[in-house]
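Hydrogens, waters and symmetry mates play no part in the numbers below; they use all other heavy atoms, side chains included. Naming convention: chains lettered A, B, ... in sequence-line order (proteins, then strands); numbering from 1 in each chain.
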Amino acid sequence: MFIALRYVADGVVATELDDEAKRPRMSVVRPDDLASWVAEREAATPRWVWDDTAHWYPPLLAEGARIERALDLRLCRRILRHATATARTALATAPADEWDAPAPVRGASDALFELEPVTAAPDPVAELRNQRTAIETAESPGRLNLLLAAESVGALAAAEMRHAGLPWDADRHAAILTELLGPRPLPGARPAHMEAVLAQIRALLDDPELNPDSPAELLRGLQRAGLPLTSTRSWELKEIEHPAIAPLLEYKRLARLLTANGWNWLDQWVSEGRFRPSYVPGGVVTGRWATDGGGALQLPKQVRGAVIADPGWTFVVADAAQLEPRVLAAMSGDAAMARAGRATDLYQGMVDAGAVETRTQAKYGMLGAIYGGTTGESGRMRPRIERAFPVAMRFVEDAARAGEAGRVVSTWLGRSSPHRTAGTYDEGTSEADARRSRTEAAAWGRFTRNFVVQGTAAEWALCWIGALRRRLWELGPEGAGAAERPHLVFFLHDELIVHTPVEFAPLAAEAMRAAAADAGRLLFGGAPVEFALSVSIVENYADAR
DNA sequence: ACCGTCGGCGCC
DNA sequence: AAAGGGCGCCGACGGT
(Lines give C-alpha, C1' and ligand atoms only; values in the text may rest on other atoms or scores of the structure.)
Protein backbone atom coordinates (compact mmCIF):
# COMPACT_ATOMS: atom_id res chain seq x y z
CA MET A 1 0.00 0.00 0.00
CA PHE A 2 1.07 3.54 -0.78
CA ILE A 3 -0.06 6.72 0.93
CA ALA A 4 0.83 9.84 -0.99
CA LEU A 5 0.83 13.18 0.82
CA ARG A 6 0.30 16.53 -0.80
CA TYR A 7 -0.41 20.01 0.45
CA VAL A 8 -3.49 21.85 -0.65
CA ALA A 9 -4.68 25.24 0.45
CA ASP A 10 -6.14 24.25 3.80
CA GLY A 11 -4.67 20.91 4.66
CA VAL A 12 -2.92 17.80 3.51
CA VAL A 13 -4.49 15.47 1.01
CA ALA A 14 -3.59 11.87 1.75
CA THR A 15 -4.23 9.41 -1.06
CA GLU A 16 -4.19 5.72 -0.21
CA LEU A 17 -3.39 3.46 -3.12
CA ASP A 18 -3.07 -0.28 -3.52
CA ASP A 19 0.16 -2.01 -4.49
CA GLU A 20 -0.50 -1.21 -8.16
CA ALA A 21 -0.89 2.47 -7.25
CA LYS A 22 -4.57 2.13 -8.16
CA ARG A 23 -7.94 2.44 -6.38
CA PRO A 24 -7.23 5.79 -4.75
CA ARG A 25 -8.99 6.72 -1.53
CA MET A 26 -8.51 10.31 -0.59
CA SER A 27 -8.82 12.02 2.72
CA VAL A 28 -8.00 15.49 3.93
CA VAL A 29 -6.01 15.83 7.14
CA ARG A 30 -5.48 19.02 9.10
CA PRO A 31 -1.76 19.77 9.36
CA ASP A 32 -2.00 19.78 13.16
CA ASP A 33 -3.40 16.26 13.08
CA LEU A 34 -0.99 14.89 10.51
CA ALA A 35 1.55 13.35 12.89
CA SER A 36 -1.03 11.39 14.83
CA TRP A 37 -2.79 10.40 11.61
CA VAL A 38 0.51 9.12 10.17
CA ALA A 39 1.35 7.27 13.39
CA GLU A 40 -2.02 5.54 13.28
CA ARG A 41 -1.70 4.51 9.62
CA GLU A 42 1.88 3.39 10.14
CA ALA A 43 0.56 0.24 11.82
CA ALA A 44 -0.08 -1.13 8.32
CA THR A 45 3.48 -0.13 7.24
CA PRO A 46 2.43 1.65 4.07
CA ARG A 47 5.01 3.19 1.79
CA TRP A 48 4.66 6.93 2.35
CA VAL A 49 5.05 8.88 -0.85
CA TRP A 50 6.01 12.53 -0.91
CA ASP A 51 8.02 15.08 -2.79
CA ASP A 52 10.76 15.75 -0.30
CA THR A 53 11.65 13.81 2.83
CA ALA A 54 13.66 16.70 4.24
CA HIS A 55 10.47 18.71 4.33
CA TRP A 56 7.84 16.20 5.46
CA TYR A 57 9.69 13.98 7.88
CA PRO A 58 11.36 16.30 10.43
CA PRO A 59 8.05 17.69 11.72
CA LEU A 60 6.71 14.15 12.00
CA LEU A 61 9.77 13.10 13.97
CA ALA A 62 9.37 16.12 16.21
CA GLU A 63 5.91 14.80 17.04
CA GLY A 64 7.19 11.30 17.66
CA ALA A 65 5.92 9.74 14.42
CA ARG A 66 8.53 7.37 13.05
CA ILE A 67 7.89 5.66 9.74
CA GLU A 68 9.33 2.53 8.21
CA ARG A 69 9.07 2.99 4.43
CA ALA A 70 8.93 5.89 2.04
CA LEU A 71 9.45 6.99 -1.54
CA ASP A 72 11.07 10.36 -2.01
CA LEU A 73 9.74 11.21 -5.45
CA ARG A 74 12.22 13.97 -6.12
CA LEU A 75 15.22 11.77 -5.35
CA CYS A 76 13.68 8.95 -7.40
CA ARG A 77 12.95 11.28 -10.30
CA ARG A 78 16.58 12.36 -10.46
CA ILE A 79 17.75 8.77 -10.71
CA LEU A 80 15.15 7.77 -13.29
CA ARG A 81 15.71 10.84 -15.45
CA HIS A 82 19.36 9.94 -15.95
CA ALA A 83 19.35 6.17 -15.77
CA THR A 84 20.31 4.31 -18.92
CA ALA A 85 17.76 1.66 -17.96
CA THR A 86 14.87 4.11 -18.28
CA ALA A 87 16.34 6.32 -21.00
CA ARG A 88 13.65 5.52 -23.56
CA THR A 89 10.68 5.98 -21.25
CA ALA A 90 8.22 8.85 -21.34
CA LEU A 91 9.46 9.95 -17.93
CA ALA A 92 13.00 10.42 -19.19
CA THR A 93 12.19 11.97 -22.53
CA ALA A 94 9.58 14.49 -21.37
CA PRO A 95 10.61 18.11 -20.99
CA ALA A 96 11.83 19.14 -17.55
CA ASP A 97 9.06 19.98 -15.08
CA GLU A 98 8.78 20.94 -11.41
CA TRP A 99 9.85 17.45 -10.28
CA ASP A 100 13.24 18.08 -11.83
CA ALA A 101 13.77 21.30 -9.92
CA PRO A 102 15.48 21.24 -6.54
CA ALA A 103 13.09 20.98 -3.64
CA PRO A 104 11.79 24.42 -2.76
CA VAL A 105 13.08 25.88 0.46
CA ARG A 106 10.06 25.88 2.71
CA GLY A 107 10.85 27.46 6.02
CA ALA A 108 12.76 25.99 8.92
CA SER A 109 12.67 22.27 8.40
CA ASP A 110 12.26 21.44 12.07
CA ALA A 111 9.30 23.74 12.53
CA LEU A 112 5.83 22.33 12.48
CA PHE A 113 3.97 22.44 9.22
CA GLU A 114 3.41 25.90 8.08
CA LEU A 115 0.66 26.36 5.69
CA GLU A 116 2.15 26.00 2.42
CA PRO A 117 2.25 26.92 -0.94
CA VAL A 118 1.44 29.95 -2.83
CA THR A 119 1.41 27.78 -5.92
CA ALA A 120 -0.13 24.32 -5.74
CA ALA A 121 2.26 21.50 -4.94
CA PRO A 122 2.71 19.05 -7.82
CA ASP A 123 0.59 15.91 -7.74
CA PRO A 124 2.51 13.02 -6.13
CA VAL A 125 0.04 10.39 -7.31
CA ALA A 126 0.56 11.24 -10.95
CA GLU A 127 4.30 11.29 -10.47
CA LEU A 128 4.27 7.99 -8.61
CA ARG A 129 2.38 6.37 -11.49
CA ASN A 130 4.72 7.89 -14.07
CA GLN A 131 7.71 6.57 -12.23
CA ARG A 132 6.23 3.11 -11.84
CA THR A 133 5.46 2.95 -15.53
CA ALA A 134 9.03 3.93 -16.33
CA ILE A 135 10.41 1.26 -14.02
CA GLU A 136 8.15 -1.48 -15.37
CA THR A 137 9.43 -0.95 -18.88
CA ALA A 138 13.08 -0.89 -17.79
CA GLU A 139 15.38 -3.83 -18.36
CA SER A 140 15.88 -4.69 -14.69
CA PRO A 141 13.01 -3.24 -12.70
CA GLY A 142 14.00 -5.18 -9.60
CA ARG A 143 17.31 -3.43 -9.27
CA LEU A 144 15.84 0.00 -9.95
CA ASN A 145 13.12 -0.57 -7.41
CA LEU A 146 15.72 -1.54 -4.85
CA LEU A 147 17.75 1.53 -5.69
CA LEU A 148 14.77 3.85 -5.25
CA ALA A 149 13.78 2.21 -1.99
CA ALA A 150 17.38 2.44 -0.75
CA GLU A 151 17.74 6.07 -1.77
CA SER A 152 14.48 6.87 0.00
CA VAL A 153 15.29 4.97 3.18
CA GLY A 154 18.58 6.86 3.24
CA ALA A 155 16.64 10.10 3.25
CA LEU A 156 14.59 8.83 6.20
CA ALA A 157 17.75 7.89 8.08
CA ALA A 158 19.33 11.26 7.31
CA ALA A 159 16.36 13.07 8.83
CA GLU A 160 16.37 10.72 11.83
CA MET A 161 20.08 11.25 12.43
CA ARG A 162 19.69 14.98 12.29
CA HIS A 163 16.75 14.74 14.64
CA ALA A 164 18.65 12.60 17.16
CA GLY A 165 21.96 14.44 16.76
CA LEU A 166 25.45 13.15 17.42
CA PRO A 167 26.26 13.44 21.14
CA TRP A 168 28.87 16.15 21.37
CA ASP A 169 30.62 17.36 24.51
CA ALA A 170 31.25 21.05 23.83
CA ASP A 171 33.43 21.41 26.94
CA ARG A 172 35.63 18.55 25.83
CA HIS A 173 35.88 20.06 22.35
CA ALA A 174 36.82 23.44 23.83
CA ALA A 175 39.45 21.73 25.97
CA ILE A 176 40.94 20.08 22.88
CA LEU A 177 41.07 23.47 21.17
CA THR A 178 42.66 25.17 24.15
CA GLU A 179 45.27 22.47 24.48
CA LEU A 180 46.27 22.63 20.82
CA LEU A 181 45.69 26.30 20.02
CA GLY A 182 45.73 28.14 23.35
CA PRO A 183 42.83 30.04 24.89
CA ARG A 184 40.09 31.30 22.62
CA PRO A 185 41.30 34.56 21.07
CA LEU A 186 39.27 37.66 20.36
CA PRO A 187 37.57 37.55 16.96
CA GLY A 188 40.08 38.08 14.19
CA ALA A 189 43.11 37.41 16.39
CA ARG A 190 45.32 34.34 16.11
CA PRO A 191 45.34 31.93 19.04
CA ALA A 192 48.49 32.08 21.18
CA HIS A 193 50.02 28.81 19.99
CA MET A 194 49.63 29.84 16.37
CA GLU A 195 51.26 33.20 17.12
CA ALA A 196 54.17 31.44 18.77
CA VAL A 197 54.70 29.09 15.84
CA LEU A 198 54.34 31.97 13.42
CA ALA A 199 57.06 33.94 15.26
CA GLN A 200 59.42 31.00 14.71
CA ILE A 201 58.56 30.81 11.02
CA ARG A 202 59.09 34.53 10.51
CA ALA A 203 62.44 34.41 12.30
CA LEU A 204 63.65 31.35 10.39
CA LEU A 205 62.65 32.88 7.05
CA ASP A 206 63.90 36.31 8.08
CA ASP A 207 60.54 37.76 7.03
CA PRO A 208 59.00 39.61 10.00
CA GLU A 209 55.75 40.55 8.21
CA LEU A 210 55.01 37.19 6.57
CA ASN A 211 51.31 36.29 6.43
CA PRO A 212 51.10 32.52 6.11
CA ASP A 213 47.35 32.62 5.56
CA SER A 214 47.87 33.95 2.06
CA PRO A 215 49.17 31.13 -0.14
CA ALA A 216 50.51 33.57 -2.73
CA GLU A 217 52.41 35.63 -0.20
CA LEU A 218 53.66 32.58 1.60
CA LEU A 219 54.95 31.09 -1.64
CA ARG A 220 56.81 34.32 -2.45
CA GLY A 221 58.30 34.39 1.05
CA LEU A 222 59.48 30.79 0.81
CA GLN A 223 60.95 31.33 -2.63
CA ARG A 224 62.71 34.48 -1.41
CA ALA A 225 64.30 32.34 1.29
CA GLY A 226 65.63 30.11 -1.49
CA LEU A 227 63.24 27.17 -1.17
CA PRO A 228 62.49 25.46 -4.51
CA LEU A 229 58.69 25.33 -4.36
CA THR A 230 55.90 25.72 -6.89
CA SER A 231 53.09 25.74 -4.32
CA THR A 232 52.65 25.72 -0.58
CA ARG A 233 50.92 22.34 -0.40
CA SER A 234 52.04 20.41 2.61
CA TRP A 235 53.07 17.34 0.63
CA GLU A 236 55.41 19.54 -1.40
CA LEU A 237 56.77 21.21 1.71
CA LYS A 238 57.51 17.81 3.21
CA GLU A 239 59.95 17.08 0.38
CA ILE A 240 62.18 19.97 1.44
CA GLU A 241 64.84 20.20 4.13
CA HIS A 242 64.68 23.54 5.89
CA PRO A 243 64.27 24.48 9.56
CA ALA A 244 61.18 26.57 8.80
CA ILE A 245 59.26 23.67 7.26
CA ALA A 246 58.36 21.86 10.49
CA PRO A 247 56.88 24.93 12.20
CA LEU A 248 55.12 25.88 8.96
CA LEU A 249 53.45 22.48 8.72
CA GLU A 250 52.45 22.81 12.36
CA TYR A 251 50.98 26.25 11.65
CA LYS A 252 48.95 24.87 8.78
CA ARG A 253 47.64 22.04 10.94
CA LEU A 254 46.55 24.47 13.66
CA ALA A 255 45.08 26.95 11.18
CA ARG A 256 43.03 24.21 9.61
CA LEU A 257 41.68 23.11 12.99
CA LEU A 258 40.84 26.68 13.92
CA THR A 259 38.98 27.57 10.75
CA ALA A 260 37.25 24.24 10.09
CA ASN A 261 36.38 22.96 13.58
CA GLY A 262 37.33 25.75 15.98
CA TRP A 263 35.25 27.76 18.42
CA ASN A 264 33.13 29.32 15.70
CA TRP A 265 32.16 25.89 14.40
CA LEU A 266 31.32 24.81 17.94
CA ASP A 267 29.10 27.87 18.45
CA GLN A 268 27.36 27.35 15.17
CA TRP A 269 26.85 23.59 15.03
CA VAL A 270 26.70 22.22 18.55
CA SER A 271 23.84 22.94 20.91
CA GLU A 272 22.33 21.10 23.86
CA GLY A 273 25.03 18.47 23.62
CA ARG A 274 24.32 17.48 20.03
CA PHE A 275 25.90 18.06 16.64
CA ARG A 276 23.13 18.20 14.05
CA PRO A 277 24.61 18.22 10.60
CA SER A 278 22.41 18.54 7.59
CA TYR A 279 22.98 15.56 5.32
CA VAL A 280 22.09 15.67 1.63
CA PRO A 281 21.21 12.15 0.46
CA GLY A 282 22.12 11.66 -3.16
CA GLY A 283 24.03 14.94 -3.08
CA VAL A 284 27.01 13.48 -4.94
CA VAL A 285 26.74 12.25 -8.55
CA THR A 286 27.91 8.80 -7.51
CA GLY A 287 25.05 8.54 -5.01
CA ARG A 288 27.12 9.30 -1.98
CA TRP A 289 25.69 11.76 0.47
CA ALA A 290 26.89 15.32 0.74
CA THR A 291 26.42 17.72 3.62
CA ASP A 292 25.02 21.15 3.60
CA GLY A 293 26.82 22.91 6.40
CA GLY A 294 28.65 21.52 9.38
CA GLY A 295 31.08 19.44 7.39
CA ALA A 296 29.91 16.20 8.97
CA LEU A 297 31.60 14.11 6.30
CA GLN A 298 34.97 15.70 7.03
CA LEU A 299 34.96 15.43 10.79
CA PRO A 300 38.68 15.40 11.55
CA LYS A 301 40.13 12.78 13.87
CA GLN A 302 41.52 15.61 16.06
CA VAL A 303 38.07 16.48 17.45
CA ARG A 304 36.43 13.05 17.61
CA GLY A 305 37.33 12.95 21.30
CA ALA A 306 34.41 15.33 21.86
CA VAL A 307 31.95 12.68 20.68
CA ILE A 308 30.98 11.16 24.03
CA ALA A 309 27.98 8.94 24.73
CA ASP A 310 25.29 9.98 27.21
CA PRO A 311 25.50 8.52 30.74
CA GLY A 312 24.29 4.93 30.68
CA TRP A 313 24.66 4.89 26.90
CA THR A 314 27.49 3.93 24.59
CA PHE A 315 28.39 3.92 20.91
CA VAL A 316 28.61 1.03 18.54
CA VAL A 317 30.94 2.18 15.78
CA ALA A 318 31.07 0.01 12.67
CA ASP A 319 33.21 0.46 9.63
CA ALA A 320 32.93 -1.63 6.47
CA ALA A 321 36.43 -2.96 5.92
CA GLN A 322 37.77 -2.34 2.40
CA LEU A 323 34.25 -1.77 1.13
CA GLU A 324 35.10 -0.65 -2.39
CA PRO A 325 37.35 -3.59 -3.27
CA ARG A 326 34.73 -6.00 -1.94
CA VAL A 327 32.03 -4.31 -3.97
CA LEU A 328 34.24 -4.57 -7.02
CA ALA A 329 34.81 -8.26 -6.37
CA ALA A 330 31.07 -8.84 -6.13
CA MET A 331 29.96 -6.80 -9.12
CA SER A 332 32.69 -8.08 -11.41
CA GLY A 333 32.30 -11.68 -10.22
CA ASP A 334 36.04 -12.02 -9.58
CA ALA A 335 36.25 -15.26 -7.60
CA ALA A 336 39.91 -14.81 -6.68
CA MET A 337 39.22 -11.40 -5.23
CA ALA A 338 36.20 -12.71 -3.37
CA ARG A 339 38.47 -15.40 -1.89
CA ALA A 340 40.97 -12.77 -0.75
CA GLY A 341 38.08 -11.01 0.95
CA ARG A 342 37.20 -14.08 2.93
CA ALA A 343 40.00 -13.09 5.28
CA THR A 344 38.63 -10.36 7.54
CA ASP A 345 41.27 -8.08 6.05
CA LEU A 346 41.04 -8.19 2.25
CA TYR A 347 44.46 -6.64 1.85
CA GLN A 348 46.01 -9.30 4.08
CA GLY A 349 44.09 -11.85 2.06
CA MET A 350 45.82 -10.53 -1.06
CA VAL A 351 49.19 -11.02 0.62
CA ASP A 352 48.26 -14.54 1.75
CA ALA A 353 47.17 -15.39 -1.78
CA GLY A 354 50.62 -14.38 -2.98
CA ALA A 355 49.42 -11.50 -5.15
CA VAL A 356 51.70 -9.01 -3.42
CA GLU A 357 54.26 -9.10 -0.61
CA THR A 358 52.95 -6.56 1.88
CA ARG A 359 49.64 -5.21 3.06
CA THR A 360 50.70 -1.71 2.06
CA GLN A 361 51.37 -2.86 -1.47
CA ALA A 362 47.95 -4.49 -1.56
CA LYS A 363 46.22 -1.35 -0.38
CA TYR A 364 47.94 1.05 -2.75
CA GLY A 365 47.66 -1.34 -5.65
CA MET A 366 43.95 -1.86 -5.08
CA LEU A 367 43.14 1.80 -4.62
CA GLY A 368 45.16 2.65 -7.69
CA ALA A 369 43.16 0.15 -9.68
CA ILE A 370 39.89 1.69 -8.55
CA TYR A 371 40.98 5.33 -8.95
CA GLY A 372 43.03 4.81 -12.08
CA GLY A 373 46.31 5.69 -10.44
CA THR A 374 49.45 4.79 -12.33
CA THR A 375 52.29 6.52 -10.54
CA GLY A 376 54.17 5.59 -7.40
CA GLU A 377 53.42 2.44 -5.49
CA SER A 378 49.98 1.94 -7.04
CA GLY A 379 51.50 2.07 -10.54
CA ARG A 380 54.22 -0.39 -9.60
CA MET A 381 51.68 -2.82 -8.18
CA ARG A 382 49.37 -2.60 -11.15
CA PRO A 383 50.72 -5.56 -13.16
CA ARG A 384 50.51 -7.83 -10.13
CA ILE A 385 46.97 -6.78 -9.36
CA GLU A 386 46.03 -7.43 -12.98
CA ARG A 387 47.58 -10.89 -12.87
CA ALA A 388 45.91 -11.82 -9.58
CA PHE A 389 42.45 -10.38 -10.29
CA PRO A 390 42.01 -10.19 -14.05
CA VAL A 391 38.23 -10.26 -13.95
CA ALA A 392 37.93 -7.33 -11.58
CA MET A 393 40.55 -5.35 -13.43
CA ARG A 394 38.86 -5.91 -16.76
CA PHE A 395 35.65 -4.63 -15.20
CA VAL A 396 37.12 -1.28 -14.13
CA GLU A 397 39.13 -1.00 -17.33
CA ASP A 398 35.91 -1.41 -19.33
CA ALA A 399 34.33 1.39 -17.29
CA ALA A 400 37.34 3.59 -17.98
CA ARG A 401 37.29 2.87 -21.72
CA ALA A 402 33.56 3.65 -21.81
CA GLY A 403 34.15 7.01 -20.15
CA GLU A 404 37.03 7.87 -22.44
CA ALA A 405 34.77 7.15 -25.40
CA GLY A 406 32.07 9.43 -23.98
CA ARG A 407 29.68 6.64 -23.01
CA VAL A 408 27.60 6.60 -19.84
CA VAL A 409 28.29 3.94 -17.21
CA SER A 410 25.98 2.69 -14.47
CA THR A 411 26.24 1.29 -10.99
CA TRP A 412 25.07 -2.20 -10.08
CA LEU A 413 21.55 -1.02 -9.26
CA GLY A 414 21.37 1.33 -12.22
CA ARG A 415 22.38 4.83 -11.24
CA SER A 416 24.00 6.26 -14.35
CA SER A 417 26.91 8.63 -14.66
CA PRO A 418 26.41 12.10 -16.06
CA HIS A 419 27.13 12.69 -19.73
CA ARG A 420 30.53 14.06 -20.43
CA THR A 421 30.27 17.69 -21.31
CA ALA A 422 31.77 18.42 -24.68
CA GLY A 423 35.55 18.51 -24.51
CA THR A 424 37.17 21.89 -24.27
CA TYR A 425 39.72 20.98 -26.87
CA ASP A 426 39.25 19.86 -30.43
CA GLU A 427 41.66 17.11 -31.33
CA GLY A 428 41.67 18.19 -34.96
CA THR A 429 43.21 21.61 -34.50
CA SER A 430 46.76 21.18 -33.28
CA GLU A 431 49.06 18.62 -31.75
CA ALA A 432 48.88 20.43 -28.39
CA ASP A 433 45.08 20.48 -28.41
CA ALA A 434 44.96 16.86 -29.42
CA ARG A 435 47.09 16.04 -26.41
CA ARG A 436 44.86 18.08 -24.11
CA SER A 437 41.83 16.38 -25.58
CA ARG A 438 43.31 12.95 -24.77
CA THR A 439 44.12 14.14 -21.24
CA GLU A 440 40.52 15.22 -20.75
CA ALA A 441 39.22 11.91 -22.07
CA ALA A 442 41.57 10.03 -19.75
CA ALA A 443 40.38 12.12 -16.80
CA TRP A 444 36.76 11.27 -17.62
CA GLY A 445 37.74 7.63 -17.89
CA ARG A 446 39.16 7.77 -14.36
CA PHE A 447 35.90 9.31 -13.25
CA THR A 448 33.72 6.60 -14.81
CA ARG A 449 36.11 3.89 -13.58
CA ASN A 450 35.64 5.17 -10.07
CA PHE A 451 31.94 5.92 -10.54
CA VAL A 452 30.87 2.30 -10.92
CA VAL A 453 32.73 1.25 -7.78
CA GLN A 454 32.10 4.26 -5.56
CA GLY A 455 28.45 4.39 -6.66
CA THR A 456 27.84 0.72 -6.01
CA ALA A 457 29.57 1.01 -2.65
CA ALA A 458 27.17 3.86 -1.86
CA GLU A 459 24.27 1.56 -2.79
CA TRP A 460 25.59 -1.10 -0.46
CA ALA A 461 25.87 1.49 2.31
CA LEU A 462 22.26 2.62 1.76
CA CYS A 463 21.06 -0.97 1.98
CA TRP A 464 23.14 -1.41 5.12
CA ILE A 465 21.52 1.65 6.69
CA GLY A 466 18.06 0.50 5.67
CA ALA A 467 18.49 -2.99 7.06
CA LEU A 468 20.09 -1.67 10.23
CA ARG A 469 17.43 0.88 11.09
CA ARG A 470 14.79 -1.83 10.79
CA ARG A 471 16.76 -4.27 12.93
CA LEU A 472 17.51 -1.63 15.54
CA TRP A 473 13.87 -0.71 15.79
CA GLU A 474 13.00 -4.34 16.42
CA LEU A 475 15.48 -4.53 19.28
CA GLY A 476 13.24 -2.53 21.57
CA PRO A 477 12.78 -1.76 24.35
CA GLU A 478 9.18 -2.71 23.67
CA GLY A 479 6.93 0.30 23.46
CA ALA A 480 9.74 2.79 24.05
CA GLY A 481 9.87 6.08 22.18
CA ALA A 482 12.58 6.70 19.61
CA ALA A 483 14.75 8.54 22.12
CA GLU A 484 15.03 5.52 24.45
CA ARG A 485 15.98 3.03 21.75
CA PRO A 486 19.29 2.26 20.06
CA HIS A 487 19.42 4.57 17.07
CA LEU A 488 21.68 5.77 14.30
CA VAL A 489 23.50 9.01 14.95
CA PHE A 490 26.21 9.24 12.29
CA PHE A 491 27.05 8.06 8.79
CA LEU A 492 30.30 8.53 6.92
CA HIS A 493 30.26 6.71 3.56
CA ASP A 494 31.23 3.29 4.92
CA GLU A 495 30.92 3.86 8.64
CA LEU A 496 27.95 4.04 10.99
CA ILE A 497 27.56 5.02 14.61
CA VAL A 498 24.71 3.80 16.78
CA HIS A 499 24.01 5.45 20.12
CA THR A 500 22.53 2.87 22.43
CA PRO A 501 21.72 2.16 26.05
CA VAL A 502 24.69 0.16 27.35
CA GLU A 503 22.63 -3.01 27.85
CA PHE A 504 21.66 -3.08 24.16
CA ALA A 505 25.17 -2.55 22.82
CA PRO A 506 25.97 -6.22 22.11
CA LEU A 507 22.66 -6.65 20.30
CA ALA A 508 23.23 -3.45 18.35
CA ALA A 509 26.67 -4.69 17.32
CA GLU A 510 25.12 -7.94 16.16
CA ALA A 511 22.50 -5.98 14.25
CA MET A 512 25.27 -4.06 12.49
CA ARG A 513 26.83 -7.29 11.26
CA ALA A 514 23.53 -8.86 10.32
CA ALA A 515 22.54 -5.73 8.40
CA ALA A 516 25.83 -5.80 6.49
CA ALA A 517 25.07 -9.37 5.45
CA ASP A 518 21.53 -8.30 4.50
CA ALA A 519 22.95 -5.57 2.29
CA GLY A 520 25.29 -8.00 0.54
CA ARG A 521 22.41 -10.41 -0.16
CA LEU A 522 20.05 -7.65 -1.30
CA LEU A 523 22.52 -6.36 -3.84
CA PHE A 524 24.41 -9.41 -4.96
CA GLY A 525 22.23 -12.36 -3.98
CA GLY A 526 24.35 -15.42 -3.44
CA ALA A 527 27.67 -13.94 -4.62
CA PRO A 528 30.42 -15.38 -2.41
CA VAL A 529 31.63 -12.00 -1.17
CA GLU A 530 31.75 -11.23 2.51
CA PHE A 531 31.27 -7.68 3.74
CA ALA A 532 33.41 -7.62 6.83
CA LEU A 533 32.91 -4.98 9.48
CA SER A 534 35.18 -3.75 12.18
CA VAL A 535 32.91 -3.04 15.11
CA SER A 536 33.80 -1.41 18.40
CA ILE A 537 31.75 -0.56 21.45
CA VAL A 538 33.15 2.65 22.90
CA GLU A 539 31.98 5.60 24.95
CA ASN A 540 34.22 7.97 23.03
CA TYR A 541 34.40 8.03 19.23
CA ALA A 542 38.14 8.70 19.41
CA ASP A 543 38.59 5.21 20.90
CA ALA A 544 36.94 3.41 17.99
CA ARG A 545 39.10 0.83 16.22
C1' DA B 1 29.38 45.11 0.29
C1' DC B 2 28.93 41.22 -2.37
C1' DC B 3 30.11 37.30 -5.45
C1' DG B 4 32.70 33.67 -7.78
C1' DT B 5 37.07 31.35 -8.04
C1' DC B 6 41.23 29.41 -6.22
C1' DG B 7 44.57 27.17 -3.04
C1' DG B 8 44.73 24.18 0.38
C1' DC B 9 43.24 20.35 3.28
C1' DG B 10 39.86 17.57 6.05
C1' DC B 11 37.10 13.06 5.21
C1' DC B 12 35.90 8.55 2.47
C1' DA C 1 54.31 9.60 -22.35
C1' DA C 2 51.55 10.61 -18.56
C1' DA C 3 47.72 9.84 -16.25
C1' DG C 4 44.87 9.32 -8.70
C1' DG C 5 38.13 9.13 -7.89
C1' DG C 6 34.37 11.85 -4.98
C1' DC C 7 33.16 15.75 -1.88
C1' DG C 8 32.70 20.64 1.62
C1' DC C 9 34.66 24.33 3.79
C1' DC C 10 37.70 28.13 4.94
C1' DG C 11 40.23 32.42 3.93
C1' DA C 12 42.37 35.02 0.38
C1' DC C 13 41.83 37.35 -3.75
C1' DG C 14 40.22 39.78 -7.72
C1' DG C 15 36.33 41.38 -9.86
C1' DT C 16 32.11 44.42 -9.80
Closest to the [X] side chain, choosing from [options]:
X      : options              : value
A:R256 : B:dC11, C:dG5, C:dC9 : C:dC9
A:T291 : B:dC11, C:dG6, C:dC9 : C:dC9
A:Q454 : B:dC12, C:dG8, C:dG6 : C:dG6

Next on the checklist: Does the structure place the NZ or CZ of A:R276 under 6.0 Å from the centre of the six-membered ring of A:W269, at an angle of no more than 45° from the ring's axis?
Outcome noted: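 So A:R276 doesn't make the cation-pi contact.
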Take atom [atom1] of [X] and atom [atom2] of [N], then tell me their distance rounded to the nearest Å.
X      : N      : atom1 : atom2 : value
A:N261 : C:dG8  : CG    : C1'   : 11 Å
A:L218 : C:dC13 : CG    : P     : 11 Å
A:L219 : B:dC6  : CG    : P     : 17 Å
A:H493 : B:dG10 : NE2   : C1'   : 11 Å
A:N264 : C:dG8  : CG    : P     : 21 Å
A:L257 : B:dC9  : CG    : P     : 14 Å
A:L258 : B:dG10 : CG    : P     : 14 Å
A:E495 : B:dC11 : CD    : C1'   : 10 Å

Grab the N/O contacts between the protein and nucleotides 14-16 of chain C below 3.5 Å, and write none if there aren't any.
none

Have [X] and [Y] got a donor and an acceptor in their side chains that come within less than 3.5 Å?
X      : Y      : result
A:T53  : A:D72  : yes
A:S417 : A:T448 : no
A:T314 : A:E539 : no

Next on the checklist: Using heavy-atom distances to pick each residue's nearest nucleotide on DNA chain C, tell me which of A:R288 and A:Q298 is more 5'.
Outcome noted: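 Looking at the nearest nucleotide for each, A:R288 comes out on the 5' side.
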Under 4.0 Å between any heavy atoms, over every strand shown, what does [X] touch: base, sugar-phosphate, or nothing? Just pick one.
X      : value
A:R304 : sugar-phosphate
A:V285 : sugar-phosphate
A:G445 : nothing

Checklist outcome for this item: In numerical order, the residues of residues 226-252 of chain A whose heavy atoms come under 4.0 Å of DNA chain B are A:S231, A:T232, A:R233, A:S234, A:K252
So do the side chains of [X] and [Y] get within less than 4.5 Å of each other, counting heavy atoms only?
X      : Y      : value
A:R172 : A:V307 : no
A:Y364 : A:R380 : no
A:N211 : A:L218 : no
A:Y251 : A:L249 : no
A:F451 : A:S416 : no

Item to check | Worked verdict on A:D518 versus A:R521 for salt bridge (Lys or Arg N to Asp or Glu O under 4.0 Å) | outcome: CA-CA 5 Å; A:D518 292 342; A:R521 272 193 302 273; 2.9 Å; yes
Checklist entry - Which heavy-atom pair separates A:V535 from A:A509 by the least distance, and what is that distance? => result CG1-CB, 3.9 Å
Checklist entry - Counting distance only, does the side-chain N/O of A:H493 pair as donor-acceptor with the main-chain N or O of A:A461 below 3.5 Å? => result no
Report each atom pair, protein N/O against N/O of nucleotides 2-4 of chain C, whose distance is under 3.5 angstrom.
unit_1	atom_1	unit_2	atom_2	d
C:dA3	N9	A:T374	OG1	3.4
C:dA3	N7	A:T374	OG1	2.6
C:dG4	O3'	A:R446	NE	2.9
C:dG4	N2	A:T375	OG1	3.0

Item to check | Phosphate contact (C:dG11 OP1 or OP2) by A:S214 side-chain N/O below 4.0 Å | outcome: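 For C:dG11, neither OP1 nor OP2 has a side-chain N or O of A:S214 closer than 4.0 Å.
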